[in-house]
Amino acid sequence: MSQIAKNLESVIERIAAAACRSGRKADDITLIAVTKTRSVDEIKQVIDCGITDIGENYVQEAEVKFSTIGEAVRWHMIGHLQRNKAKHAVELFSLIHSVDSEQLARELGRRAQAIGKTVDVLVEVNISGEETKFGVKPEQVMAFLESIADIQGIHVCGLMGMAPIVNNAEETRPYFAKLKELWDCLPEEHRIYLSMGMTQDFEVAIEEGSNMVRIGTAIFGPRE
Ligand SMILES: *Cc1c(COP(=O)(O)O)cnc(C)c1O
């Protein structure tokens with residue numbers, strides 16, 4: 001068994017255990033393998049192991065990989081998205097996790113409608129409060145949803161957030177609890193995905209209600 005296959009097996013076991021602790025099943029949690037900087041060969045390895053969801057941070061990098069791997073998997077845009085990349089993004093991605101401005105939401109809607117599509121998106125929330133991080137402020141999420149409610153061509157399917165980098169995963173718990181609280185207040189049509197948890201903190205995120213985790217390092221090893 002390859003190292004990647006072993007790592008993946010262990011990640012899946014840890015997801016199942018955390019799901020169980022939060023009264024859910026492993027199947028309730030979508031695992032996105034985060035493949036920024038990873039090769040097509042590495043991506044194929046995880047697909048061979050049953051991975052169905054791939055997360056990328058840059059539109060161009062995703063396009064190159066998509067050209068060989070194609071629609072065998074769902075592609076997720078998890079990185080910051082610039083408006084001038086919206087056209088390519090709606091063509092490629094099944095779910096865009098990083099909607100954080102009305103202008104971006106409008107451009108995505110416009111581009112999606114132009115190709116007769118409705119694109120699924122998440123609103124990125126800046127739960128860490130760090131100035132350098134993207135995302136809508138937690139207290140502005142409801143107003144933000146109202147401001148984009150009229151947009152055709154997008155469907156808001158939930159929220160995405162990132163905890164700050166910490167030494168001990170336990171320190172991320174209040175951030176995830178806060179995002180779950182916000183998610184619980186959303187109208188049902190928007191309460192499909194709660195995307196939170198990465199290598200450092202995915203078990204805590206699941207315990208706090210995440211149903212979608214984005215994991216790179218624990219599967220592929222450290223990035224260069
Ligand atoms: C890179 C990245 C991840 C995965 O990070 P790891 O620590 O490698 O698991 C998850 N989410 C986002 C938004 C990322 O940019």
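We count ligands from 1, going down the list as the structure has it; atoms in each ligand are counted the same way.
Checking Glu61 against Asn57 by side-chain atom types alone, no donor-acceptor pair falls below 3.5 Å. If you check the side chains of Ser2 and Gln45, you find a donor sitting under 3.5 Å from an acceptor.
Each of Val34, Lys36, Asn57, Ile78, Met162, Met198, Thr199, Arg214, Ile215, Gly216, Thr217, Arg223 has a non-hydrogen atom positioned under 4.0 Å from some atom of ligand 1.
The existence of a salt bridge linking Glu207 and Arg21 is confirmed by a sub-4.0 Å separation between a basic side-chain nitrogen and an acidic carboxylate oxygen.
With sequence neighbours excluded, the residues forming a side chain to side chain donor-acceptor pair (under 3.5 Å) with Ser195 are His97, Arg214, listed by chain and number.
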Which pairs of donor and acceptor atoms, one on a side chain in residues 136-153, lie under 3.5 Å apart (sequence neighbours left out)?
| residue | atom | partner | partner atom | Å |
| --- | --- | --- | --- | --- |
| Ser147 | OG | Phe144 | O | 2.7 |
| Asp150 | OD1 | Arg106 | NH2 | 3.0 |
| Asp150 | OD2 | Arg106 | NH1 | 3.2 |

Could you tabulate the donor-acceptor pairs under 3.5 Å formed by side-chain atoms of residues 27-36, not counting sequence neighbours?
| residue | atom | partner | partner atom | Å |
| --- | --- | --- | --- | --- |
| Asp28 | OD2 | Lys25 | N | 2.9 |
| Thr35 | OG1 | Gly55 | O | 3.3 |
| Thr35 | OG1 | Glu56 | OE2 | 2.6 |

